[in-house]
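Everything below concerns the one structure shown next.
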Amino acid sequence: MAVSHEELVQRGHHYAIVDEVDSILIDEARTPLIISGQPETAAKIYYDFARVAKQLHGVRADPLRKEPPPDADYEYDEKHMTVSPFPPGIEKIERALRIENLYAPQNSQLVNHMIQAMRAQSLYHSDVEYVIQEGEVKIVDEFTGRIMEGRRWSEGLHQAVEAKEGVRIREEHVTQATITLQNYFRLYEKLAGMTGTAKTEEKEFVEIYGLDVIEIPTNMPVVRDDKNDLIFKNKEGKFNAVVQDIKERSERGQPILVGTIAVETSEYLAQLLDRAGVPHNVLNAKQHEREAEIIKDAGQPGAVTIATNMAGRGVDIQLGPGVIEVGGLCVIGTERHEARRIDNQLRGRSGRQGDPGESRFYLSGDDDLVRLFAGDRIKRVMEISHVPEEEPIEHRILSRQIEGAQKKVEEMNFVSRKHVLKYDEVMNMQRQVIYEQRRRVLDGEDLSEEIKGWIEEAIGRVIANFTSGELEEEWDLVGLCGAMQALYGSTITAEELKEDEVELDRSSLAEEFVADSLDEYKAKDEEFEKLQPDLMRDLERFIVLQVVDNRWREHLDNMDYLREGVHLRAMAQKDPLVEYTSEGHGMFDELGTAIREEVVFTLFHVQLEPQDAQALVETTAPAADTTPGMGLSYEHESVAGADAIAAAGETAGAVLATESRPRRSDSPQQRVVSEHDKVGRNDPCWCGSGRKFKRCHGA
């Protein structure tokens, strides 16, 4: 987004050392990073859809269900975070919003509003995926439990959640740049990182980043006692047991650190401890400013600290007097996280530097991870064992089942990240071309020779459009001259082309118009050179930058739309990724052509406003300082590039064929009479310039 070299903030990509490398390169790598630009106005439609979504009845997705329940409006899948509307739900929305057909082409954006409103209603919950602070919806990081300041969900989901909660909707932003974390960090020539919990993701580090995982032995042997999980039938039994365990340990002076995976859970447990009369501290996304202050006292005798996943990573928990004698810090997990690394991080708060410690996880058949990935098997074991609700099962087989469920989720997430990366590889090649072009502009390269090539290319495309027939009689020379006039201000008419004593063919037409346009380009250069040295070079860079950025933003949107719909090609037995790659390359080729044509068009039609031209003459400041704020006007304000050229060719051609305008009112050519008027248009000019008369004094 930089518009000058001084605004660049990165010094190249030589070497990166990433702290908590698994958190950054693995956990956060499922979602592409997006930089947003100027906001668009938020629509009232979000509130309308949120109101309707609250009245709809959603049911959990069930792969065994053949028919939707009669009273269901849509189903939601917690495992994949997706929703699917049923016909009754669609009809209710159409009635509520007074829309005849939600899926009509003109309502395509409304379908996205509907999906996001249903997702916000059924899959995103306050104090779990987000919190409300100061009237804003703030995302809670599922891995750390901290608020992700400045982050927003994309594709209208964040606005849908804001509408659901009735807070002010912040405007949607235009995507200016996007990249995956994988591709960003792979820009570095050398990459390394550190973390305590990378071994479980070794395969992904090697496959995606080419990084080997090396285990460094602990300074002192770990003597922490990691006990088997205790599994209860339901959440009530689980939390009652947790409270009882905490109370007993606290009374005998052992400090306890309790890990939860959601703000909601930590607050629920805090209420239970209040009722049981157990003093405690709570650390979650709502108190993250006090994290270090709360966690530093977690090792004092009898201290009870409830914390979300992060649980004070990076803060040394000092053990108070007498704590070692009662077994050290005890870590209790109230639920297994979908990533084993996060559980290992929680356990790792205890038993540091050879200290004694203990850890145990309390689970129930109602926990999301257990219910979604291992629930049926565990329920069967409990039913066979006839275990009462308040009695736990502690068995290595069940712990292995839970570990297997975690591995399943990790594999799913790995596939998801690889999927994101494969699609971003297509964008990555395009991104490198665009950013390299921007960098050349910012580095102040002289683009004049390149732009002359673009002029020649644009001329060739226009000629091809108007000379598509095999025979010369089929060519639209009037339209061609009109299009050339629109492109660069040509004064050549169809009659003049026919009067030339040369047989018309495409190459001679190209030669004629290219030479004419380069003369115009040179004249414009000389005109601006009088105002300020190198002004034309600065202007070229400024225009290239503007056109590239505008067109690139449009291209990002177009690629998004392609990505959203390309999965449907699978129904026609086509590989969506192959289709996306093929069409994406075609769209990028079109983008390059559009950029070059628009730069050529803009460059020929740009004029300095009189007051800015005067200021440039008077100022002594260098050109680079004045260019970005330059006052520019265009002879064609409503259309640009190929559209304007085609339009002019169709509508203005007949007039232009009989009427030509002077090239520049401020630099009239001197009229020469007598024998000079008898010189032929294609003869060398009498002035000795070496150019044809028609392009010199005959212009």
Side-chain angles (χ1 to χ4, degrees), residues 1-16 33-38 150 173-179 181 183-191 427-455 521 524-525 528-556 588 591-592 594-596 598-604 606-609 612-613 615-634:
M1 295 186 297
V3 293
S4 69
H5 203 280
E6 293 70 34
E7 290 180 12
L8 294 173
V9 293
Q10 297 193 49
R11 301 170 296 174
H13 301 87
H14 307 296
Y15 195 103
L33 298 171
I34 295 171
I35 296 179
S36 298
Q38 291 297 317
H173 288 72
V174 178
T175 299
Q176 286 200 327
T178 174
I179 193 170
L181 274 165
N183 273 328
Y184 175 72
F185 280 103
R186 292 196 309 188
L187 291 173
Y188 286 91
E189 294 166 33
K190 293 193 176 183
L191 181 62
M427 286 299 300
N428 205 41
M429 290 182 279
Q430 301 178 4
R431 196 182 290 124
Q432 286 169 351
V433 172
I434 291 293
Y435 290 174
E436 185 186 343
Q437 191 171 35
R438 283 192 102 260
R439 189 60 185 248
R440 287 172 53 215
V441 172
L442 295 180
D443 287 344
E445 279 193 27
D446 185 336
L447 303 177
S448 57
E449 289 306 313
E450 199 168 344
I451 285 173
K452 286 175 186 175
W454 295 0
I455 292 171
Y521 174 74
K524 197 156 194 104
D525 193 356
F528 284 151
E529 189 73 18
K530 292 174 189 173
L531 295 172
Q532 185 172 291
D534 289 330
L535 178 56
M536 188 68 167
R537 304 289 83 80
D538 291 330
L539 194 59
E540 285 165 351
R541 288 192 286 270
F542 179 64
I543 289 171
V544 167
L545 211 55
Q546 276 199 328
V547 172
V548 165
D549 288 352
N550 288 335
R551 290 286 186 171
W552 177 243
R553 282 196 291 269
E554 289 174 16
H555 181 70
L556 288 177
F588 189 66
L591 170 71
I595 286 173
R596 294 190 291 274
E598 190 170 334
V599 167
V600 169
F601 176 88
T602 307
L603 202 55
F604 277 120
V606 71
Q607 299 288 339
L608 281 176
E609 297 286 4
D612 295 297
L616 280 169
V617 172
E618 293 169 358
T619 186
T620 56
D625 293 340
T626 56
T627 302
M630 191 177 292
L632 305 174
S633 67
Y634 300 89

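From a predicted model like this one, the values you see are computed outputs, not experimental measurements. Position 1 is the first residue of the sequence, and the numbers go up from there. Heavy-atom basis, side chains included; hydrogens, waters and symmetry copies ignored.
- Atom OH of Y521 is separated from atom CG of L603 by 6.5 Å, given to the nearest 0.5 angstrom.
- In this structure, CH2 in W552 is found 5.5 Å from CD in Q430, a value given to the nearest 0.5 Å.
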- [ ] Take E450 and R440 through the side-chain contact (heavy atoms from CB on, under 4.5 Å) test and state the conclusion after the steps.
- [x] CA-CA 12 Å; E450 199 168 344; R440 287 172 53 215; 2.3 Å; yes

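- Salt bridge absent: R439 and E445 never bring a charged side-chain N and a carboxylate O closer than 4.0 Å.
- Distance check: Y188 OH to H14 NE2 gives 9.5 Å after rounding to the nearest 0.5 Å.
- No donor-acceptor pair closer than 3.5 Å links the side chain of K190 to the backbone N or O of A16.
- Put simply, the side chain of R431 reaches to within 4.5 Å of the side chain of I179, judged on heavy atoms.
- Within the 6.0 Å centre-distance limit, the rings of H13 and Y184 are counted as a close aromatic pair.
- Shown here are the salt bridge (charged side-chain N to carboxylate O under 4.0 Å, His left out) partners of E449, two or more places apart in sequence or in another chain: K452.
- Here CD of Q532 is found 11.0 Å from CG of L539. Values are rounded to the nearest 0.5 Å.
- In this structure, E529 has no side chain to side chain donor-acceptor pair (under 3.5 Å) partners at least two apart in sequence or on a different chain.
- Each salt bridge (charged side-chain N to carboxylate O under 4.0 Å, His left out) pair with one or both residues in residues 1-12, not counting sequence neighbours, would appear here, but there are none.
- Side-chain contact between F528 and D538 is absent, with no heavy-atom pair separated by less than 4.5 Å.
- The salt bridge (charged side-chain N to carboxylate O under 4.0 Å, His left out) search around R537 returns D446, D525, E540, not counting sequence neighbours.
- In this structure, the side chains of L556 and M427 come closer than 4.5 Å at one or more pairs of heavy atoms.
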Open item on the list: Using the rule given for side-chain contact (heavy atoms from CB on, under 4.5 Å), can you reason through F604 versus I455, listing the C-alpha separation, both sets of side-chain angles and the distance that settles it, and then say yes or no?
Closed with: CA-CA 10 Å; F604 277 120; I455 292 171; 3.8 Å; yes

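- In this structure, CD on Q437 lies 11.0 Å from CG on L442, to the nearest 0.5 angstrom.
- The shortest heavy-atom contact between I595 and V547 is O-CG1, 3.8 Å.
- Rounded to the nearest 0.5 Å, atoms CG (D549) and CG (L545) are 5.0 Å apart.
- R553 pairs by the side chain to side chain donor-acceptor pair (under 3.5 Å) definition with N550, not counting sequence neighbours.
- Listed by chain and residue number, nothing satisfies the ring-ring contact (aromatic ring centres under 6.0 Å, His included) test with H5 (two or more places apart in sequence, or in another chain).
- Under a 3.5 Å cut-off, the side chain of T178 and the backbone N or O of L33 do form a donor-acceptor pair.
- Between the side chain of R438 and the backbone N or O of V544, no donor-acceptor pair lies under 3.5 Å.
- Two residues are said to be in side-chain contact when any heavy atoms from C-beta on lie closer than 4.5 Å; F588 and V433 meet this criterion.
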